[in-house]
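I have placed the structure first, in the form of structure tokens, so that the comments after it can refer back to it.
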2 protein chains.
Amino acid sequence: MKFDPVLFAKAIADDTRQRIMSECCCCWLSVNEIVEKVGFTQPTISHHLAILRDAGLVNIREEGKQTFYSLNQDHLAVCCGQVMFKFAPESETTINLKQIIQG
Amino acid sequence: MKFDPVLFAKAIADDTRQRIMSECCCCWLSVNEIVEKVGFTQPTISHHLAILRDAGLVNIREEGKQTFYSLNQDHLAVCCGQVMFKFAPESETTINLKQIIQG
DNA sequence: ACATTATATAGATAAACGTCTATTTGTCAA
DNA sequence: TTGACAAATAGACGTTTATCTATATAATGT
């Protein structure tokens, strides 16, 4: 369950995946709905969703034939925070963020 | 000067670059010092430093023959914040961060 | 001027990645 | 049980990327 900053960064380091993230940032979408919105083939979208899933960045809900995805905003925010703690420990923003989170 | 979340994510999405970032996170190092610490050839390190430079993630100081690099912690923190604002706008952490920065 | 040292750039190569088509798996309705 | 639909998986292919060796550029010391 340990945080892997390379896995996280690789997961978000692609234009198509960022478009998927934008589309299902704040709502649940089926794979087909994402396909229609993003404009690649269904296998390509499934491939990207698997990468986001492996990084823990999406919530998944199966419902009959369909599978719905939504972005896991909280985990994404945590990952960004971890990157800040690791690589920008002296930045004011990071120090303030740490105080918020820890109490 | 606009923020490009794909460029940023790609820049940090590599193990070697993250090792470089760790090494010169909080100090200035010459290219040769980074080469010794990270353990790849000098051209490989220069290649990665160029990618970090293009993403605005390093400060550069030329001094005679040598070039010193240090991680731009503030810009890194800003980029992480931008990713949070864009993809996790509803997360508590993001909302709190926004308040810190704006007020 | 020349040799030396530090860094950047060019070019080659192998591995990783993104996309596609084809197929498989699983669910539902008739 | 069959047919239709949704999603995942397999495999192929072209592009990008990370690394290396070789070379160029630039600064310093003799």
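Order of the sequence lines fixes the chain letters, A, B, ..., with proteins taken first and strands second; residue numbering starts at 1 for each chain.
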### Query
Can you check whether B/Lys37's main-chain N or O pairs, donor with acceptor, with B/Glu23's side chain at less than 3.5 Å?
no

## Note on the structure
Across all chains, not counting sequence neighbours, the salt bridge (Lys or Arg N to Asp or Glu O under 4.0 Å) partners of B/Glu62 are none

#### Entry: Whole-Å distance separating the CG atom of B/Asp14 from the P atom of D/dT16
17 Å

### Task
Quick one: label B/Phe68 by what it contacts on the DNA or RNA (base, sugar-phosphate, nothing), any heavy atom closer than 4.0 Å.
nothing

### Query
Do A/Asn96 and A/Ile100 have side-chain heavy atoms sitting under 4.5 Å apart?
no

### Message
Checking B/Ser46 against B/Gln42: is there a side-chain donor and acceptor pair closer than 3.5 Å?
### Response
yes

### Message
Of all nucleotides in DNA chain C that come within under 4.0 Å of a heavy atom of chain B, which is furthest toward the 5' end and which toward the 3' end?
### Response
C/dT5 to C/dT9

### Message
Testing the basics here: between B/Thr16 and B/Phe40, what is the closest heavy-atom pair and its distance to 0.1 Å?
### Response
OG1-CE1, 3.4 Å

### Query
Is there a residue in residues 38-48 of chain A whose heavy atoms reach under 4.0 Å of DNA chain C, and which residues are they?
A/Phe40, A/Thr41, A/Pro43, A/Thr44, A/His47, A/His48

### Query
Does B/Cys24 have any side chain to side chain contact (heavy atoms under 4.5 Å, CB included) partners at least two apart in sequence or in another chain, and if so, which?
B/Ile20, B/Leu29

### Task
Please collect all side-chain hydrogen bond (donor to acceptor under 3.5 Å, both in side chains) contacts where either partner lies in residues 64-84 of chain B, sequence neighbours excluded, each pair once.
A/Glu90-B/Gln73, A/Ser91-B/Asp74, B/Asn59-B/Ser70

#### Entry: All side-chain hydrogen bond (donor to acceptor under 3.5 Å, both in side chains) counterparts of B/Thr41, not counting sequence neighbours
B/Thr44

### Message
Testing the basics here: between A/Thr93 and B/Ala77, what is the closest heavy-atom pair and its distance to 0.1 Å?
### Response
CB-CB, 4.1 Å

### Message
Please give the remaining members of the hydrophobic cluster of A/Phe68, linking ILVMFWY side chains under 4.5 Å, ordered by chain and number.
### Response
A/Trp28

### Task
Could you identify which residues of residues 52-63 of chain B place a heavy atom less than 4.0 Å from some atom of DNA chain C, listed by residue number, or say none?
none

### Message
Using the side chain to side chain contact (heavy atoms under 4.5 Å, CB included) criterion, which residues pair with A/Asp54? Sequence neighbours excluded.
### Response
none

#### Entry: Minimum heavy-atom distance between A/Ile34 and A/Ile45, given as atom pair plus value
CG2-CG2, 3.7 Å

### Query
Should A/Asp4 and A/Phe8 be marked as a side-chain contact (heavy atoms from CB on, under 4.5 Å) after you check the CA-CA gap, both sets of side-chain angles, and the distance that decides it?
CA-CA 6 Å; A/Asp4 180 342; A/Phe8 164 65; over 6 Å; no

### Task
Tell me, please, which residues at least two apart from A/Ile51 pass side chain to side chain contact (heavy atoms under 4.5 Å, CB included).
A/Ala11, A/Arg17, A/His47

### Message
To check you understand the geometry: which heavy-atom pair defines the closest contact between A/Pro89 and A/Ile95, and what is its length?
### Response
O-CG1, 3.7 Å

### Rounded distance in Å - CG (A/Leu29) to P (D/dA7)
11 Å

#### Entry: Stretch residues 2-9 of chain B: residues that reach within less than 4.0 Å of DNA chain D through a heavy atom
none

Using the 3.5 Å cut-off, write out each protein N or O paired with an N or O of nucleotides 2-5 of chain D and the distance between them.
none

